[in-house]
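A quick write-up on the structure given underneath.
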Amino acid sequence: DQQVKQNSPSLSVQEGRISILNCDYTNSMFDYFLWYKKYPAEGPTFLISISSIKDKNEDGRFTVFLNKSAKHLSLHIVPSQPGDSAVYFCAASGGGSNYKLTFGKGTLLTVNP
Amino acid sequence: NAGVTQTPKFRVLKTGQSMTLLCAQDMNHEYMYWYRQDPGMGLRLIHYSVGEGTTAKGEVPDGYNVSRLKKQNFLLGLESAAPSQTSVYFCASSAARWGETQYFGPGTRLLVL
């Protein structure tokens, strides 16, 4: 049973527009959520995170929104740049410990010039 | 400061052969992890360690063994490789504090024929 779901395998946007990547989770014990970015032939790199006590966290062009009642989070990238083209993984941990992350399957974002 | 390094980068094995993947981190992190990434499957946790001398099973531990004899190293062993273990393997580490992100290595691509 998949506890973290990224239902869109891919997303294509124009440079300068907003990219919105979505993630749903089923485990109500999750209390910390992260987004990782992965380029081909490289390891995932941390992008942004949010704890369950917040509903929004912003870092430059990247904003993560958390809707606990809907068990849904989203990553907004504004404005999108060609260098943002990568696979984005949503991940979650819970129970007061972050040492076991559950990952979604990822969404391939392509930003077209 | 190299972060997380993995050895080797790429390896081809025949079915039944054994090998060890080495992960090293220089960030003095307590926690270390081994993941595998398969197409359309995201990252799945194989084994993890919460400190030197400790190991624990993750989501997909069968066919793998691990050891954490030194804090900075985490070894992943395949005793008898199978084609189903063809994958990209990522090592990660994190500090032992809630909310700390995991830092990933560049990955090891393994092909089992």
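Reminder, nothing fancy here: chain letters follow the sequence lines and each chain counts from 1.
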Would you indicate whether [X], at its atom [atom1], is surrounded by more than 12 heavy atoms from other residues, nucleotides or ligands within a distance under 6.0 Å?
X	atom1	result
A:R61	CZ	yes
B:E79	CD	no
B:R44	CZ	yes
B:K71	NZ	yes

Checklist entry - How about A:T45 and B:Y103: does a side-chain donor come under 3.5 Å of a side-chain acceptor? => result no
State plainly whether one hydrophobic cluster holds both [X] and [Y], where clusters connect Ile, Leu, Val, Met, Phe, Trp and Tyr through side-chain heavy atoms under 4.5 angstrom apart.
X	Y	result
B:L45	B:V60	no
B:Y33	B:V66	no
B:Y35	B:Y31	yes
A:V4	A:I20	no
B:F90	B:L21	no

Next on the checklist: Tell me which of these, B:P39, B:G105, B:G107, B:G40, has more heavy-atom pairs under 4.5 Å with chain A than the rest.
Outcome noted: B:G40
Checklist outcome for this item: All heavy atoms of A:F89 vs all of B:G42, minimum pair found to be CE2-CA, 3.8 Å
Item to check | Side chain / backbone / both / neither for B:Q37 at chain A, heavy atoms under 4.5 Å | outcome: side chain
Checklist entry - Under 6.0 Å between ring centres, would you say that holds for A:F46 and B:F104? => result no
Checklist entry - Quick one: are B:T101 and A:L34 in side-chain contact, heavy atoms under 4.5 Å? => result yes
Checklist entry - Given side chains that start at C-beta, do those of A:K100 and B:E59 come closer than 4.5 Å, heavy atoms only? => result no
Checklist outcome for this item: Bottom line for A:A91: the part with an atom under 4.5 Å from chain B's heavy atoms is neither
Checklist entry - Do any of residues 102-113 of chain A have a heavy atom less than 4.5 Å from a heavy atom of chain B, and if so, which, in residue order? => result A:F103, A:G104, A:K105
